[in-house]
2 protein chains.
Amino acid sequence: MTGKRRPTLMDVAEAAGVSRALVSIVMRDAPGASDATRRRVQEAAQALGYRPDSRARLLRSSRTRLLGVSFSTSQPFHAEIVDAAYAAAQVRGYEIALSAVANGRPESRAVEALLDLGCEALILISPTLGEQELAGYAARIPVVSLLRDDAGESVDSVSSDDHAGIRIAVEHLTSLGHRRIAHVDGGDAVSAAQRRDAFRQEMLARGLEPWNIPGGPYEEAGMEAGKQLRDKRPTAVVAFNDRCALGVMESLRAVGLRVPEDVSVLGYDDSQFARLSYVQLSSISQDAPLLAAAAVERAIDRLEGSGPPAHLVGTPHLVLRQTTAPPSSKSQPNG
Amino acid sequence: MTGKRRPTLMDVAEAAGVSRALVSIVMRDAPGASDATRRRVQEAAQALGYRPDSRARLLRSSRTRLLGVSFSTSQPFHAEIVDAAYAAAQVRGYEIALSAVANGRPESRAVEALLDLGCEALILISPTLGEQELAGYAARIPVVSLLRDDAGESVDSVSSDDHAGIRIAVEHLTSLGHRRIAHVDGGDAVSAAQRRDAFRQEMLARGLEPWNIPGGPYEEAGMEAGKQLRDKRPTAVVAFNDRCALGVMESLRAVGLRVPEDVSVLGYDDSQFARLSYVQLSSISQDAPLLAAAAVERAIDRLEGSGPPAHLVGTPHLVLRQTTAPPSSKSQPNG
DNA sequence: TGGATTCACTAGAACGATCTAGCCATCTGA
DNA sequence: TCAGATGGCTAGATCGTTCTAGTGAATCCA
């Protein structure tokens, strides 16, 4: 069924009339072989259809050049990050081993699978593990926490500056002329408190009243919060994230309010939801791919021997689409 | 920084005062050790925090009990399947190695990474590789094509019965009383032709006129197609998939038509989009998790020596939500 | 010219597991 | 009592690589 077994270094060596070690040298592009032999070995390998066995390779070499990335199957968002991580790793000549956090497969399982594979460093996307456990892993190999900055001192972190994101949001809306701006917050979701506080500070700094409405990270919470906006109407809303913003918009639409003519709505994350052609939600982008690349860089830097854990913070930016506009004159009660 | 190196079999053996081989036996739960020693070895392993090195283990043993799964980072849908695959593999005592198809990382790369890891079988989600290439891999190890049934005779396939899905859709709508039903098709997307043909047949079989509108797999196509529904109005629409359905709905909504009061809309895939709380799209579910489990089963059965490649076909089912209802009397011109 | 250096290459020992063959008791049965 | 089975255990080979320590020849430099 399986045909004959896959060719090994030994087979190539025999075919090319050299030693195993030399074939290894050639395959790794390591110095120590003449151009002529190099060519001969390459040809033999090609002819036999030789592919190095990564298990054996990883086993033997102290350096595996393997980065472990854990992600959650329930966060479509994570897929984009994985994508970017592959690209970044490739540039530096590293490989990536994936392990998913799934139903009935807790994060600890995912991480341990990566360790068993011989990863040299771990990149955990929005890890939910306790600081203790993370520190435990970090004692063995470098660990980078991505999109979570309070994972403790023992691990590196790469995250996004929530305060700056909210500042950009408020700045954008005020520069359009909005003054009655509400924030539908994320309840007790990760980063929600930071964004809530930032909103408060940024509004006060501009002499505006910080108007916070309890919400949550999904559409339901946004819709619920949206109901409170019908009586005392703001001219603009900053939502905790895109899905929350969708809920808010749906709720406004239900009572005949138009976006952005009557109310501007700004999301957060620049997720696929914001990009939907019929949504076109203006949003604050954390630039996840950029952060992913930074996390990979950070992990590799740690491996190749730069100092203690560091905490990188990326700056978000505004992605302008169709849901924010200057306030209409009629919805502006007084100057 | 990295503390001391991880413990090996040898370390455990010394600690327990036995041979490496015996520790191996105990760790694998293989016969050949007394209960007393078994306990002693387990304790020593525990104390040292020993975890078997999967690289070494995989290298040596002919059986790796490793299934390779390739998925695409751009298909949020695939994540659900991965999730289900993990669960199914665990039940049969297999592990799963993931490899993503990402930007700048073609499917062939993903597959080869899995082969290098020593996977015993491959499960490819909606593979886009040519029949030739698939056959090439299939000559080496069992390959299961998931969600694609025309991958050739050399590979196993587990897919969903598109005709049955469309039959269920048409059945559902006609049983509600609809007779003027349109199908917004998927253009040249995978499975689009099958569903288009099935729609035609099912409508004809019921003495109804098969009304097909060219569409596509994303919102844009749905919106475009929706415009054609404004003049000659159907009472119900079967969309190629959920995203297409969302576009159709958006387009209807733009001209003041309500769903489902004026027009019923039925999606396909039962994706996360259909489940959004403010969408509540009725949809045909392919039951991806079930299919994933079937694919895992199939791969393992092949490995453990059942005959030639087989082609399994799952039956989809209806997930009823809020976008389908009986036609309103006024939108029903004549009996 | 002759010692040092460089270059192309090789033999053999790792890496950390599993597997095969075999050893030494103890048990069985005639 | 002794050949044969059985159960518990071990030594050593092995998987396919990479790494270390060399070897022999050519080259360099004074």
Side-chain angles (χ1 to χ4, degrees), chain A residues 2 4-42 44-45 48-66 93 95 113 115-120, chain B residues 2 4-42 44-45 48-66 93 95 113 115-120:
Chain A
T2 324
K4 44 190 175 292
R5 79 186 203 301
R6 66 190 287 173
T8 77
L9 267 193
M10 194 58 201
D11 299 323
V12 179
E14 276 172 7
V18 295
S19 69
R20 266 172 353 204
L22 190 58
V23 179
S24 173
I25 286 172
V26 172
M27 297 318 290
R28 282 177 289 133
D29 256 334
S34 70
D35 285 354
T37 352
R38 224 171 260 278
R39 222 178 353 262
R40 199 151 40 90
V41 169
Q42 297 274 20
L48 289 173
Y50 170 78
R51 313 204 79 232
D53 182 323
S54 70
R55 297 166 297 172
R57 166 175 277 182
L58 295 183
L59 172 60
R60 173 55 205 184
S61 54
S62 47
R63 295 297 313 275
T64 64
R65 302 189 78 81
L66 198 58
E95 257 301 321
L115 290 176
D116 292 351
L117 280 175
C119 294
E120 292 187 283
Chain B
T2 325
K4 45 189 174 294
R5 78 188 201 300
R6 66 190 289 171
T8 78
L9 265 194
M10 194 58 202
D11 300 323
V12 178
E14 274 172 8
V18 295
S19 71
R20 266 171 358 205
L22 189 56
V23 178
S24 173
I25 286 171
V26 172
M27 297 318 290
R28 282 178 291 134
D29 255 337
S34 70
D35 284 356
T37 355
R38 223 171 261 277
R39 223 179 350 266
R40 196 150 43 89
V41 169
Q42 297 273 20
L48 289 173
Y50 169 78
R51 312 204 78 232
D53 182 322
S54 69
R55 296 167 298 172
R57 167 176 276 183
L58 294 183
L59 173 60
R60 173 56 206 187
S61 54
S62 48
R63 294 298 313 273
T64 64
R65 302 189 79 81
L66 198 58
E95 256 301 322
L115 290 176
D116 292 350
L117 280 174
C119 294
E120 292 187 281

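Letters A, B, ... are given to chains in the order of the sequence lines, protein chains preceding strands, and every chain is numbered from 1.
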On a heavy-atom basis, which atom in [X] and which in [Y] lie closest, and how many Å separate them?
| X | Y | value |
| --- | --- | --- |
| B/Ala33 | B/Leu22 | CB-CD1, 3.8 Å |
| B/Tyr50 | B/Thr8 | CE1-C, 3.6 Å |
| B/Ile25 | B/Pro31 | CG2-O, 3.8 Å |

Original post:
What is the 5' to 3' range of DNA chain C, first to last nucleotide, that sits under 4.0 Å from any heavy atom of chain A?
Top reply: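 Going 5' to 3' along DNA chain C, contacts run C/dA8 to C/dG16.
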
Original post:
Partners of B/Arg39 by salt bridge (charged side-chain N to carboxylate O under 4.0 Å, His left out), sequence neighbours excluded?
Top reply: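 Testing B/Arg39 for salt bridge (charged side-chain N to carboxylate O under 4.0 Å, His left out), a comparison that skips the adjacent residues, returns none.
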
Subject >> Pairing residues for A/Arg51 by the salt bridge (charged side-chain N to carboxylate O under 4.0 Å, His left out) criterion, not counting sequence neighbours >> reply: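 A/Arg51 satisfies salt bridge (charged side-chain N to carboxylate O under 4.0 Å, His left out) with B/Glu112, B/Asp116 only.
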
**OP:** Sequence neighbours left out, what passes side-chain contact (heavy atoms from CB on, under 4.5 Å) with B/Arg40? Give chain and number order.
**Re:** B/Val18, B/Thr37

Original post:
For the helix from C/dT1-D/dA30 to C/dA30-D/dT1, what angle lies between the axis at the first five pairs and the axis at the last five pairs, to 10 degrees?
Top reply: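 So the angle between the two local helix axes works out to 40°.
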
Subject >> Test side chain to side chain contact (heavy atoms under 4.5 Å, CB included) applied to B/Arg38 and B/Asp29, step by step >> reply: CA-CA 9 Å; B/Arg38 223 171 261 277; B/Asp29 255 337; 4.0 Å; yes

Subject >> Identified side-chain contact (heavy atoms from CB on, under 4.5 Å) partner of B/Cys119 from the options B/Leu58, B/Thr64, B/Leu66 >> reply: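 Running side-chain contact (heavy atoms from CB on, under 4.5 Å) over B/Leu58, B/Thr64, B/Leu66 with B/Cys119 returns exactly one hit, B/Leu66.
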
**OP:** Measure from the side-chain N and O atoms of B/Glu120 to the backbone N and O of B/Arg65, and report whether any donor-acceptor pair falls under 3.5 Å.
**Re:** yes

Original post:
Could you run down nucleotides 4-16 of chain D 5' to 3' and tag each one B, S or - for protein heavy-atom contact under 4.0 Å?
Top reply: -----BBBBBBBB

Subject >> All pairs passing side chain to side chain donor-acceptor pair (under 3.5 Å) where residues 17-26 of chain B contributes a residue, at least two apart >> reply: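 Applying side chain to side chain donor-acceptor pair (under 3.5 Å) to every pair that reaches into residues 17-26 of chain B, excluding sequence neighbours, yields B/Ser24-B/Arg28.
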
